[in-house]
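These notes concern the structure reproduced below.
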Amino acid sequence: MAPYAACASRVAARAARGASVGEALAAESRSIALVSGPLRFVPGDSAPPGEAYEAFIHRTACVPTRDNLHDFFNGLVWHHFPETKRRLNELQAAEIARDGIGASRGPLRDALTLFDENGAVLEAPGPLWDAFRARDWQGLFVTHRSLWREARLLVFGHALLEKLTTPRKAATAHVLIAPGEMPSIPLDDATIAASLHPAHLATKPFAPLPVLGVPGWCVRNENFSFYDDSEVFRPRRGAERSPTP
């Protein structure tokens, strides 16, 4: 929660004094420019029936905002990572304009939604990435534990932020993997936004990370038996133990 804490405190204080979540978010001084105008937070029922949420935001620069934690965190992410959120919205709106709204979203819209709701970005040394992509949880969290001092993990997805208000061991982020040989993405807004290439996203370039396994994120993981739970720290597919002949 650290990247969002200061803004969250101010917005929560306004809501506690009687403002709606949308009004409390709108009182932040930062101006966010979309193609159709400056971003505004509006009541949750503002979109007309039949218009997709993402298309409405792109057309009006208005974000429908309900009085709940989910939309509270969505607003915080808009304030802290406006370029990334704008890029996600532009790509979503373009897909909707091209294909309409059907029974399935398609691979690109699925990936955009997954990152928006549950995504994370990791900047870390190579040995951590090697262990992470192999789902070598002991290597990632025990053998190379000291390297986490050189790593940074950003929880971007607002649904995941909401889940982490009542943390569960199984809470899992979908970490975006950059194209090319260097999977890390620096944790600044412009760089994250620039990494969102449609062709790459359509391949679902994400790896699951149980975030409470990250050193410092949960006191219980200081006891390394924490990582023995195979229901949470699952091996990579095909890496499970073969049956005894």
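All figures in this text were calculated on a predicted structure; none of them were measured in a lab.
In this structure, Thr60 and Leu34 have side chains that are not in contact, with every pair of non-hydrogen atoms separated by 4.5 Å or more. Taking the side chain as every heavy atom from C-beta outward, Leu201 and Leu196 approach each other to under 4.5 Å. Looking at heavy atoms from C-beta onward, Leu153 lies in side-chain contact with Leu209 at the 4.5 angstrom threshold. Using a 4.5 Å heavy-atom threshold, the side chains of Ser184 and Leu122 count as separate. Taking the side chain as every heavy atom from C-beta outward, Asp188 and Phe81 never approach each other to under 4.5 Å. Looking only at side-chain heavy atoms (C-beta outward), Thr191 and Ile185 come within less than 4.5 Å of each other. Side chains of Leu88 and Phe156 form a contact here, defined as non-hydrogen atoms less than 4.5 Å apart. Side-chain atoms of Val175 and Val121, non-hydrogen and from C-beta on, never get closer than 4.5 Å to each other.
The two residues Arg86 and Ala33 make their nearest non-hydrogen contact at NH1-O, 2.7 Å. Of all heavy-atom pairs between Leu147 and Pro127, the closest is CD1-CB, 3.7 Å. Closest approach of Leu91 to Pro198, counting heavy atoms only: CD2-CG, 3.6 Å. Closest of all the heavy-atom pairs between Ala207 and Ile177 is CB-CD1, 3.8 Å. In terms of heavy-atom proximity, Pro125 sits nearest to Glu150 at CG-OE1, 3.6 Å. The minimum heavy-atom distance between Ile32 and Pro82, with the atom names listed, is CG2-CB, 3.6 Å.
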Requested in this report: Start with the C-alpha gap between Phe141 and Phe224, add the side-chain angles, then the distance that decides, and say whether side-chain contact (heavy atoms from CB on, under 4.5 Å) holds.
Outcome: CA-CA 9 Å; Phe141 293 128; Phe224 293 161; over 6 Å; no
Query - From CA spacing to verdict: side chain to side chain donor-acceptor pair (under 3.5 Å), Asp71, Thr65 - result: CA-CA 6 Å; Asp71 289 5; Thr65 304; 5.3 Å; no
Requested in this report: Apply side-chain contact (heavy atoms from CB on, under 4.5 Å) to Arg135 and Trp137, showing your working.
Outcome: CA-CA 5 Å; Arg135 298 200 196 180; Trp137 306 115; 3.9 Å; yes
Report task. Show the numbers, then the answer: is there a side-chain contact (heavy atoms from CB on, under 4.5 Å) between Ile192 and Glu83? Result -> CA-CA 8 Å; Ile192 298 171; Glu83 292 188 46; over 6 Å; no
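The main-chain N or O of Leu128 is never found under 3.5 Å from a side-chain atom of Trp148 such that the two would form a donor-acceptor pair. Between the side chain of Arg59 and the backbone N or O of Ala55 there is no donor-acceptor pair closer than 3.5 Å. When atom types are taken as modelled, the side chain of His197 and the backbone of Ala178 share no donor-acceptor pair closer than 3.5 angstrom. Of the possible polar contacts, one joining the His79 side chain to the Leu25 backbone as a donor-acceptor pair under 3.5 Å is found. The main-chain N or O of Thr172 is found under 3.5 Å from a side-chain atom of Asn118 such that the two form a donor-acceptor pair. Remark: side-chain polar atoms of Asn221 are not paired, donor with acceptor, to backbone N or O of Phe226 under 3.5 angstrom.
Rounded to the nearest 0.5 angstrom, Thr143 OG1 and Asp136 CG are separated by 6.5 Å. Here Leu160 contributes atom CG and His174 contributes atom NE2; the two are 9.5 Å apart, rounded to the nearest 0.5 Å.
In the hydrophobic clustering of this structure, Ile96 does not group with Leu112; members are Ile, Leu, Val, Met, Phe, Trp, Tyr whose side-chain heavy atoms approach within less than 4.5 Å, directly or through other members. Under the 4.5 Å side-chain contact rule for hydrophobic residues, Val211 and Val77 share a cluster. Hydrophobic clustering (ILVMFWY, side-chain heavy atoms < 4.5 Å, transitive): Val214 and Phe206 are in one cluster. A single hydrophobic cluster is seen to contain both Val142 and Trp129, as judged by linkage of ILVMFWY side chains at heavy-atom distances under 4.5 Å, directly or through other members. Under the 4.5 Å side-chain heavy-atom criterion for Ile, Leu, Val, Met, Phe, Trp and Tyr, Leu140 and Tyr227 are members of the same hydrophobic cluster.
Applying the 6.0 Å contact sphere to CZ of Arg149 captures no more than 12 heavy atoms from other residues, nucleotides or ligands.
Pairs passing the ring pair (Phe, Tyr, Trp, His ring centres under 6.0 Å) check and including a residue from residues 3-28, sequence neighbours excluded, read Tyr4-His80. Applying the salt bridge (charged side-chain N to carboxylate O under 4.0 Å, His left out) test to residues at least two apart or on different chains, the pairs with a partner in residues 208-234 are Lys169-Asp229.
For Arg152 and Glu123, the salt-bridge test passes: some basic side-chain N is under 4.0 Å from an acidic carboxylate O. Salt bridge present: Asp116 and Lys85 bring a charged side-chain N and a carboxylate O closer than 4.0 Å.
His70 pairs by the side-chain hydrogen bond (donor to acceptor under 3.5 Å, both in side chains) definition with Glu117, His158, Glu162, not counting sequence neighbours. Looking at residues two or more places apart in sequence or on another chain, you find no ring pair (Phe, Tyr, Trp, His ring centres under 6.0 Å) involving Phe73.
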Residues 8-20 side chain polar contacts: donor-acceptor under 3.5 Å, at least two apart:
residue, atom, partner, partner atom, Å
Arg10, NE, Glu28, OE1, 3.2
Arg10, NE, Glu28, OE2, 3.1
Arg10, NH2, Glu28, OE1, 2.6
Arg14, NH1, Ala24, O, 2.9
Arg14, NH1, Glu28, OE2, 2.9
Arg14, NH2, Glu28, OE2, 2.9
Ser20, OG, Glu23, N, 3.0
Ser20, OG, Glu23, OE1, 3.3

Could you give the side-chain donor-acceptor pairs of residues 35-47 under 3.5 Å, partners two or more places apart or in another chain?
residue, atom, partner, partner atom, Å
Ser36, OG, His58, O, 2.9
Ser36, OG, Ala61, N, 3.1
Ser46, OG, Pro43, O, 2.7

